[in-house]
Number of protein chains: 2
Amino acid sequence: MQQRSEETRSKIIESAIKLFSSRGFNAASVDDICADAGISKGAFYHHFESKQALFLALLDGWLQTIDDAIEASKDKSAPETFMRMTEAFPYIFQSAGNHLPMYMEFWLQASRDEKIWQATVAPYRRYHKYFATLIKKGIDEGSFAEMNPDVAARLIVSTAMGLLLQSLLDPKGAKWEKVARESTTMLLNSLVKK
Amino acid sequence: MQQRSEETRSKIIESAIKLFSSRGFNAASVDDICADAGISKGAFYHHFESKQALFLALLDGWLQTIDDAIEASKDKSAPETFMRMTEAFPYIFQSAGNHLPMYMEFWLQASRDEKIWQATVAPYRRYHKYFATLIKKGIDEGSFAEMNPDVAARLIVSTAMGLLLQSLLDPKGAKWEKVARESTTMLLNSLVKK
DNA sequence: AAAAACATACCGACTGGTCGGTTTTACATA
DNA sequence: TATGTAAAACCGACCAGTCGGTATGTTTTT
């Protein structure tokens, strides 16, 4: 059976997410990850070429979940999609919340590491394009006010990212789910045709 | 003269900003900083207790510039303040742009390091309070529409941070100064009373 | 001459990664 | 079903290099 192999691999990934999130990419050593996963260093390097390769694997997994989420919301109207975004915030804050520092690390590493940058920027541009197209569709349909779809898409992404960042810095400083819901609604209202 | 001493100190800080920005806190070693500054390790540890202490000094310097900027915009009306924010964007993107990765690093470290967190979160809360008060003032004066000042303040900070983050990831993906100016204007329009 | 500023050699801890050897698995054969 | 065997999976000691930090000595300033 190759079941054991897959189990080991997922144990490594699980521990890596946990430790990268809590300590950071640099501070979490390969030894730490192996110890947490309860496997040996040999097993680690059997499954992953390097520490960076593991990092990239984690990044891929994350991007995949975003792709899935986008795919699931296709064929929806623009306002409906954004409403769903609003509804999704509690879920995002709960599930992504713990791993948020790691996603930030992706971001930061991307600005310094060519390989990671290439793996990150292409999906980012794809997402932006998706949002911009969606907004343009909404404008054409008459449900959104006249505006620059490109700028509006950046604005929406900014809001989501900025809220997550603020919640990361000061988790107990506000009821973030509530703030996220209300500010997204606020933003959405400014887009919708009056 | 204590002039030489101060020169050494500022040389260290200069090199630290440069290397922390380009390589990150962990990847930039004390030796690297010393080499870049053209001084010895002894000199380094004469001026700073530890690498973390240097990091905190850099953080303090950054927060000071924000404080100064806020202080300079006081006694202005709320809409005027936000208009000035818009005007300031090109400057921000130019000056902060290069050091942005380091500021992100502050953010990230703050979520993991108690000391750095305390040094970061207090100013953050102060800034948020300032914005919220400003918005409330604008509402009371009748220039802003009815809204939750707290949420609106988070939204504004989110926008600024999110834009900076996006520009960090994909500097050549858009004309960020233009996007920032337009989306801030968009946001401001949604606040102003119609 | 006292003190502050700086230089240099050095330390133990830890890092990512390697390597020879061992165990487990998958599969063909009988 | 039992058995032999090659490959895949895994182990853990080990390596060379780097890290932040220190101890001690030298130069410069006051």
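Below, each value reflects all heavy atoms present in this structure, side chains not excepted, and no hydrogens, waters or symmetry copies. Letters A, B, ... mirror the listed sequences (proteins, then strands); counts begin at 1.
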Are A:E14 and A:K11 ion-paired here, with the side-chain N under 4.0 Å from a carboxylate O? no
Quick check on C:dC6: is either OP1 or OP2 less than 4.0 Å from any side-chain nitrogen or oxygen of B:H46? no
Check this one for me: any side-chain N or O of B:S40 less than 4.0 Å away from OP1 or OP2 of C:dT8? no
Whole angstrom value for the distance that separates P of C:dA13 from CG of A:D31: 15 Å
Identify whether any heavy atom of A:K51 sits under 4.0 Å from a base atom; if not, whether one sits that close to sugar-phosphate; answer base, sugar-phosphate or nothing. sugar-phosphate
Write down the distance between CZ (A:R9) and C1' (D:dC10), rounded to a whole number of angstrom. 16 Å
For atom NZ of A:K11 and atom P of D:dA9, their distance in whole Å: 15 Å
Here's a test of your reading of the structure: between A:V30 and A:G42, which maps to the more 5' nucleotide of DNA chain C? A:V30
In whole Å, what is the span from the CZ atom of B:F48 to the C1' atom of C:dA5? 14 Å
OP1 or OP2 of C:dC6 under 4.0 Å from side-chain N/O of B:T8: yes
Mind calculating the distance between CD1 (A:I39) and C1' (C:dT24) to the nearest angstrom? 16 Å
Whole angstrom value for the distance that separates P of D:dC10 from CD of A:E6: 11 Å
Expressed in angstrom and rounded to an integer, what is the separation of B:E49 atom CD from D:dG21 atom P? 9 Å
How about B:S77 and B:K137: do any of their side-chain heavy atoms sit closer than 4.5 Å? no
Taking atom OG of B:S158 and atom CE of A:M161, what is their separation to the nearest 0.5 Å? 10.0 Å
Out of D:dG21, D:dG12, D:dC10, minimum distance to the side chain of B:K41 belongs to D:dG21
Given D:dC19, is OP1 or OP2 found less than 4.0 Å from the side-chain N or O atoms of B:S29? yes
N or O in side chain of B:S50 less than 4.0 angstrom from D:dG20 OP1/OP2: no
Check every atom of C:dT18, D:dA9, C:dA7 against the side chain of A:Y45 and return the nucleotide holding the closest atom. C:dT18
Looking at B:V151, B:T184, B:I135, which hits side chain to side chain contact (heavy atoms under 4.5 Å, CB included) with B:I156? B:I135
Among A:F20, A:W107, A:Y103, A:F106, exactly one meets ring-ring contact (aromatic ring centres under 6.0 Å, His included) together with A:F25. Which residue is that? A:F20
Between B:H47 and C:dC6, is there a contact of a side-chain N or O with OP1 or OP2 at under 4.0 Å? yes
